[in-house]
Amino acid sequence: MSLRNKLGKPRASFSDRLGVFRSRPQVDQAVWDDLEEALLGADVGLPTTSSLLKEVRRQAEEAAVVDPEEVLNLLRKEMVRFFQDVDLELNRSGAPSVWLFVGVNGVGKTTTIGKLTHREITAGRSVVLAAGDTFRAAAVEQLTQWGNRSEVTVISGAEGADPSSVIFDAVEHAASRGSDLVLADTAGRVHTKSNLMDELRKVRRVAEKGAGTVTETLLVLDATTGQNGLMQAKQFTETAEVTGVVLTKLDGSARGGIVLAIQNELGIPVKLVGVGESIEDLIIFEPTDFVDALFD
Ligand SMILES: Nc1nc2c(ncn2[C@@H]2O[C@H](COP(=O)(O)OP(=O)(O)OP(=O)(O)O)[C@@H](O)[C@H]2O)c(=O)[nH]1
Ligand SMILES: [Mg+2]
């Protein structure tokens, strides 16, 4: 499934905003203002919008471009170039690899793990789930249901148990069976509460005490929260060594441009994109597909 087919809303929104732009007879200030507005509307954010447009404008002037459509082509190329040197691969180098999922409440951590488990199992890899959200019994139940759908083992502890020990147990279980991957759920936490953020450090430390290696710490962000997501990301990166972002709910958002802002302002690649609530609705982020989806 391609992002293009799934990205109805953001696509419509960004191209809709380009409607006026496309009817401009020449490349003048109005064209640059239209573009800026369209990019900001797609949540690219001011710093990234400014630097993108500065470069595109330089190129347009150098080539004496007169057709607004040609300006779009330059912008498109510049956006793709933006991801050129970015490593988007999920790191599978551990034995087992442990991937931690972190983020604020309700962003889609547990659901993403469910979808990703399906993806990984389908690709022939073996997966163990760690129910590291020990805050609520319902959280364990939710993860267990996802686990059952892909027929993988879910390791859990008692309600209120130390999440580190649950994840440790899951890693031990995975190591003893030669599993490839441990996907570890964690409780949603407010990025401003320092005790909860400290807990993440401990989780990571303990997860590596045995045979496993934490090769990914994936910050899950809800695309519909827009620039607020960027704030969350800033604070999570200060505590946890975030290696990638999962951008969820892009199906219900006109704000796909946040991908560019996260990469540019925080240097963190978006590696996975959630585009719905069902098990198939997870896409590996792919730059050209993403840029095509924005422009088409
Ligand atoms: N439309 C849409 N909904 C999603 C997506 N990902 C998750 N959701 C929904 O978002 C809601 C919250 O998802 P969860 O996976 O429970 O979120 P969480 O981060 O684990 O939440 P807490 O454990 O409470 O912190 C659920 O209703 C999901 O179905 C997505 O990509 N698109
Ligand atoms: Mg959850």
Side-chain angles (χ1 to χ4, degrees), residues 1-13 43 99-119 129-150 154-157 159-161 163 166-167 170 182-193 196-197 199-200 203 216-226 228-229 232-233 235-236 240 242 244-256 258-259 262 270-286 289-290 293:
M1 180 191 309
S2 88
L3 190 60
R4 241 157 133 175
N5 303 332
K6 272 292 188 176
L7 223 60
K9 249 182 161 181
R11 183 174 66 208
S13 163
D43 238 343
W99 294 356
L100 298 176
F101 290 78
V102 303
V104 304
N105 296 286
V107 288
K109 294 177 291 299
T110 309
T111 307
T112 298
I113 291 174
K115 296 175 194 172
L116 189 58
T117 301
H118 172 68
R119 236 200 133 87
L129 301 186
D133 182 354
T134 56
F135 252 48
R136 305 172 288 123
V140 177
E141 181 55 30
Q142 187 192 359
L143 190 72
T144 303
Q145 276 173 15
W146 278 111
N148 289 345
R149 293 171 74 178
S150 297
V154 182
I155 303 293
S156 59
E159 196 176 335
V166 174
I167 295 169
V182 176
L183 303 181
D185 199 11
T186 65
R189 65 199 66 227
V190 192
H191 43 296
T192 47
K193 287 241 170 84
L196 285 176
M197 295 302 273
E199 187 183 84
L200 282 185
V203 160
E216 293 283 352
T217 300
L218 297 166
L219 173 65
V220 184
L221 294 178
D222 176 342
T224 64
T225 60
N228 183 32
Q232 289 168 27
Q235 274 159 318
F236 270 94
V242 177
V245 163
V246 181
L247 191 64
T248 59
K249 311 188 193 183
L250 209 53
D251 51 309
S253 165
R255 291 161 147 179
I258 192 83
V259 170
I262 293 166
V270 170
K271 294 186 172 176
L272 296 165
V273 177
V275 290
E277 301 192 77
S278 73
I279 200 162
E280 305 270 359
D281 290 335
L282 187 73
I283 293 172
I284 300 279
F285 179 76
E286 209 282 301
D289 194 26
F290 167 73

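Counting convention: from 1, in listed order, for ligands and their atoms alike.
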For Arg189, which part has a heavy atom under 4.0 Å from ligand 1: side chain, backbone, both, or neither? neither
Looking at every non-hydrogen atom in both residues, tell me the closest pair between Ser156 and Val140 and how far apart they are. CB-CG1, 3.5 Å
Min heavy-atom dist Asp251 to ligand 1 below 4.0 Å: yes
Min N/O separation Thr186 to ligand 1 under 3.5 Å: no
Who gets closest to atom 5 (C) of ligand 1 by heavy atom: Gly108, Gly276, Gly274? Gly276
Compare every heavy atom of His118 with every heavy atom of Glu280, then report the nearest pair and how far apart it is. OE2-NE2, 3.6 Å
Measure the distances from the heavy atoms of Gly106 to every atom of ligand 1 and state whether one is below 4.0 angstrom. yes
Kindly give the heavy-atom pair with the smallest separation between Gly157 and Val166, and that separation in Å. N-CG2, 3.7 Å
Which of the atoms in ligand 1, numbered in the order shown and given with their element, are less than 4.0 Å from a heavy-atom of Gly188? 25 (O)
Could you go through the side chain to side chain contact (heavy atoms under 4.5 Å, CB included) check for Leu221 and Val246 one step at a time? CA-CA 6 Å; Leu221 294 178; Val246 181; over 6 Å; no
Thr110 and Gln142: which non-hydrogen atoms are nearest, and at how many Å? CG2-CD, 3.6 Å
Using side chain to side chain contact (heavy atoms under 4.5 Å, CB included), reason through Leu129 and Ile113 one step at a time and then give a plain yes or no. CA-CA 8 Å; Leu129 301 186; Ile113 291 174; 3.6 Å; yes
Nearest heavy atom to atom 16 (O) of ligand 1: which of Lys249, Lys109, Gln142 does it belong to? Gln142
Side-chain contact test, heavy atoms from C-beta onward, threshold under 4.5 Å: evaluate it for Val102 versus Leu218 and give yes or no. no
With respect to atom 24 (O) of ligand 1, which of Arg136, Lys115, Glu277 exhibits the smallest heavy-atom separation? Arg136
Minimum side-chain heavy-atom gap Phe236-Val104 below 4.5 Å: yes
In ligand 1, which numbered atoms sit nearer than 4.0 Å to a non-hydrogen atom of Val275? 31 (O)
Ranking Thr111, Asn105, Val246, Asp133 by closest non-hydrogen atom to atom 7 (C) of ligand 1, top hit is Thr111
Mind checking whether the Mg ion (ligand 2) has an N, O or S of Gln142 under 2.8 Å? no
